[in-house]
Amino acid sequence: MKTIDNYDFKGKKVLVRVDFNVPLDENLEITDDTRIRATIPTIQKLRKEGAAVILMSHLGRPKNGPEDKFSLRHVVKNLSGKLGTEVQFADDCIGAQAREKAAALKQGEVLLLENLRFYKEETAGDVAFARKLSQLADVYVNDAFGTAHRAHASTAVIAQFFPDAKMFGYVMGNELKSINKVLKEGEKPFTAILGGAKVSGKIEIINNLLDKVDNLIIGGGMMFTFIKAKGGQVGNSLVEDDLIATASAAMEKAESLGVNLYIPQDAVIADKFDNDANQKCRPSNEIPEGWMGLDIGVEASETFRKVIENSSTILWNGPMGVFEMDNFAEGTLDVAQAIARATAKGAFSLVGGGDSVAAVNKYHLQDKVSYVSTGGGAMLEYIEGKTLPGVAAIEE
Ligand code: AMP
């Protein structure tokens, strides 16, 4: 893998695509700086090696050019504090000021460019725009895994201007290493746990994972499409009727490949979509009309716990129930704790995708799993088996 570990940066201008797409409140204060923190080791390594570091990122979804609420100026103070140095700022990511500031930047200094998405050329993957960015530096580093699935100017197109000087930063490198460790080099038994609301967003993942895993656990709202496909009564639970045939095909594929497919035998059902609804635990294929399944049941939890604790490689995406409501969070908590216990016994566990990451954080288990992916959409596309443009552009 082409990483920043094997390059002589002394005296070089290094352009780093980072992901500083952080949430800001109404006072334009950062409410969660995880993404900034994640990039610090890459930036510090480059500075220590004698590079002048130029950072570029997007922030939010500006529609028509510059807008203060999307300005990267709002991250300068936080970033300067973390790096222990005053970060310079250019009001525009291209143009005379950016060129002058980049040219004057000395070894160990850091310059942050204004939001790339103030130019529609960024998301359009415009080559001329990418060329202008590339002219600021000698070396290109991509450390924005969260946008690696986009063929944007700064994430993919720009790499062609650095044929011998393009590489992954530590965020990208670690994400790729962890996901590859699971998908390509995972020790058996390999268990994938998929949850979340719908089958529709996950069907390609299911199909790709069935070729790789020993056990596939399905929970969350998506379980009911599978249960209905097997002829069960799911009451008012979330079901995608147009995907019943797809769910049946996945079950047949699992059977023919010898993959153990676990669909919850019981569910916590409720008489409305509300934390204070009446609730009870029932076989998941006998849910009466007027009731809906909002979590996996106690027996399913116990079955899943055993499978997870006997696994050597674990991939988890998506909650087991409506875990935002405390009365329907038990299944998700049980799975998270089982993954933590398996990890303590030596398994490699990767948690990815917004809501399972939120669950792991909510239960303070982020340090008890092997790796928490920050990639969201990029990670999901990678486990679907797709080539990520941001990765391919460096590897080509
Ligand atoms: P996704 O974005 O597809 O991963 O879905 C995450 C969402 O699925 C969370 O907000 C959960 O509340 C929701 N979810 C999980 N289980 C269920 C369920 N049984 N019924 C409805 N929504 C669910």
Side-chain angles (χ1 to χ4, degrees), residues 146 149 192-207 209 216-229 232-244 246-247 250 262-301 304 315-336 339 350-363 372-384:
H149 57 317
I193 307 143
L194 295 178
K198 292 183 172 178
V199 184
S200 40
K202 309 259 162 104
I203 198 66
E204 288 172 62
I205 294 177
I206 294 173
N207 278 325
L209 285 177
L216 179 60
I217 289 174
I218 304 264
M222 63 197 274
M223 68 191 251
F224 299 104
T225 301
F226 284 84
I227 291 164
K228 190 162 178 189
Q233 285 176 11
V234 296
N236 292 44
S237 306
L238 192 67
V239 167
E240 289 166 281
D241 282 311
D242 52 333
L243 287 174
I244 288 179
T246 309
Y262 292 92
I263 295 171
Q265 61 270 49
D266 57 350
V268 177
I269 63 172
D271 58 358
K272 55 179 185 233
F273 192 81
D274 187 338
N275 191 45
D276 298 322
N278 292 309
Q279 65 169 76
K280 49 193 176 186
C281 192
R282 276 287 178 280
S284 57
N285 58 358
E286 294 173 19
I287 303 176
E289 282 308 313
W291 291 74
M292 62 190 89
L294 295 184
D295 195 6
I296 60 172
V298 279
E299 283 179 36
S301 253
F304 295 179
L315 171 68
W316 180 28
N317 169 264
M320 295 292 100
V322 185
F323 78 108
E324 299 92 335
M325 299 183 196
D326 285 339
N327 288 333
F328 306 103
E330 196 62 38
T332 301
L333 174 62
D334 286 349
V335 160
I339 296 172
L350 170 63
V351 181
D355 282 311
S356 25
V357 174
V360 159
N361 290 339
K362 179 170 172 183
Y363 307 129
V372 178
S373 171
T374 54
M379 186 215 161
L380 295 184
E381 289 200 14
Y382 202 63
I383 51 178
E384 279 172 11

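Order of appearance sets the numbers: ligands from 1, and atoms from 1 within every ligand.
A 4.5 Å side-chain heavy-atom check between Val268 and Met320 finds every atom pair outside the cut-off.
Assignment of Phe224 to the shell around ligand 1 is supported, since a heavy atom sits closer than 4.0 Å. Ligand 1 lies less than 4.0 angstrom from a heavy atom belonging to Gly321. Contact annotation: Lys202 has at least one heavy atom less than 4.0 Å from an atom of ligand 1.
Note that CE of Met379 and CG of Asn317 are 6.0 Å apart. Values are rounded to the nearest 0.5 Å. Here CD of Glu240 is found 9.0 Å from CD1 of Ile203. Values are rounded to the nearest 0.5 Å.
Not a single donor-acceptor pair under 3.5 Å links the side chain of Asp355 to the backbone N or O of Gly318. Without hydrogens or angle criteria, Ser356 side chain to Pro319 main chain gives no donor-acceptor distance under 3.5 Å.
If you look at Glu324 next to ligand 1, the close heavy atoms, those under 4.0 Å, all belong to the side chain. With a heavy-atom cut-off of 4.0 Å, Asp355 touches ligand 1 through its side chain alone.
In this structure, the protein non-hydrogen atom closest to atom 1 (P) of ligand 1 is Ala197 N, 3.7 Å. With respect to atom 22 (N) of ligand 1, the closest heavy atom belonging to the protein is Val322 CG2, 3.6 Å.
Heavy-atom proximity to atom 16 (N) of ligand 1, evaluated over Gly221, Pro264, Gly219, Pro319, is greatest for Gly221. Nearest to atom 20 (N) of ligand 1 by heavy-atom distance, out of Gly331, Ala329, Gly293, is Gly293.
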